[in-house]
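Reviewing the structure listed below.
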Number of protein chains: 2
Amino acid sequence: MVQQAGTSKAKIIQAADQLFYVHGYNQTSFSDIAAETGIPRGNFYYYFKTKDEILTAVLEHRADQIGSLLQACEEYSDDPKQQLLYLIEILVREEENIIQYGCPLGSLSTELSKVSLTLQQQVALIFETIRLWIDKKLCACGLADRSDMLSMEILSRLQGTTVLANVYHDAAFLRRSAAQHKLWLTEVLSNH
Amino acid sequence: MVQQAGTSKAKIIQAADQLFYVHGYNQTSFSDIAAETGIPRGNFYYYFKTKDEILTAVLEHRADQIGSLLQACEEYSDDPKQQLLYLIEILVREEENIIQYGCPLGSLSTELSKVSLTLQQQVALIFETIRLWIDKKLCACGLADRSDMLSMEILSRLQGTTVLANVYHDAAFLRRSAAQHKLWLTEVLSNH
DNA sequence: GTCTATAGCTCGATAGAC
DNA sequence: GTCTATCGAGCTATAGAC
């Protein structure tokens, strides 16, 4: 479900998306979203029955954003190898946010695993769409026999880099780790 | 500050430690800790002025536990290489907890980075004691020239494995990833 | 040291006027 | 569709008896 930009519903989703990322889901109140959008608290219940429904809408929004990101990778180059390297570069492009707040999906999944398995599984589904995209690109590079394992390893390295960069608030580490990740992947891909 | 086991203060810290891990810091109330310990809510303020002080005491407790863990690695073998491999095996030994709730330090750091930088930095200090221990072991294996970089990479891989195992609730991935981590480290160490 | 009672606040959610 | 007013519950924290 894509929202019309500028409508109250779209404004709520957009503000909640940012606030959930910066302060966390449970640390964001309706008052916070009301203050950010200028829309009174009471109005939210016209668009969403519960706070969980807002999160579900935010997750749909993030899934769309992930779709756009993967689309951008495909527009960056026709070479699946370059597309994968461009995906890894997102760590550097999103450097400031990652250092302050971590990965928008990883940190949310971690929070929700302690709060609601139902909601956490919705985040896991978004992870899976990214993994499937990576898997497809690895197959296109002739690595179909190891694509399952490698796609998980790529995701794992991205998350590890993100968590540690956030723990130490260390931009230099993040850039170094991303560069090393790209070197490793280049070597893996060049053997086929 | 080490607590006498069995005192009310120690009981509060121990219950809070577990609840903060399972439900998160902000999702754990004084009532939850009271229900777990049988100690009335009001009493907490005799031992701690604020909830943040309880967290600080919990972090000291976790730092002690990490100290014991590293001590156990040293008692496992005299060989620093085996000590490092034994540290990685903690992923498998703590498999069930990690899959359900993630890393006790990583997930807490991620949560606190969205709540309080002051508290998050206390967690970062614990990460640093682990990294320094790894660094020391790498130096003992003759890798002093790359120990800074490698110690961060080891921590990064541990966190990546943990986050993804938690996202997918996948024990098989966790074991495979830990085994691969040990293979990689063995190769790195055998070149010196 | 241990306990009860409760203040003061904020939360998610509801009701109903316009 | 938009808004105000408010409920009931839960929270951290305090006061004060024993």
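This structure is a prediction, so every number in the text was calculated from the model and none was measured. Note on naming: letters A, B, ... go to the chains in the order of the sequence lines (proteins, then strands), and numbering restarts at 1 for each one.
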| said: Could you go through A:Glu53 and A:Tyr47, starting from their C-alpha distance and side-chain angles, then the distance that decides it, and tell me whether this counts as side-chain hydrogen bond (donor to acceptor under 3.5 Å, both in side chains)? | reply: CA-CA 9 Å; A:Glu53 273 193 15; A:Tyr47 302 103; over 6 Å; no

| message | Could you see if B:Leu59 belongs to whatever hydrophobic cluster contains B:Phe20? Use Ile, Leu, Val, Met, Phe, Trp, Tyr and a side-chain cutoff under 4.5 Å. | response | yes

| Are any side-chain N or O atoms of B:Ser109 and backbone N or O atoms of B:Leu105, one a donor and one an acceptor, separated by less than 3.5 Å? | no

| said: For the backbone of B:Ser177 and the side chain of B:Thr161, can you confirm whether one donor and one acceptor N or O come within less than 3.5 Å of each other? | reply: no

| task | For each nucleotide in nucleotides 1-15 of chain C, reading 5' to 3', give B when a protein heavy atom comes within less than 4.0 Å of its base, S when such contact involves only the sugar-phosphate, and - otherwise. | result | SBBB------SSBB-

| task | Check whether NZ of the Lys or CZ of the Arg A:Lys51 lies under 6.0 Å from the centre of the six-membered ring of A:Phe44 and within 45 degrees of that ring's axis. | result | no

| Contacts of type side-chain contact (heavy atoms from CB on, under 4.5 Å), residue A:Ser113, not counting sequence neighbours | A:Gln120, B:Asn166

| task | From the options A:Ile134, A:Asp135, A:Leu87, select the one residue that forms a side chain to side chain contact (heavy atoms under 4.5 Å, CB included) with A:Ile154. | result | A:Ile134

| note | Per the under-4.0 Å heavy-atom filter, residues of residues 107-120 of chain A near DNA chain D come out as none

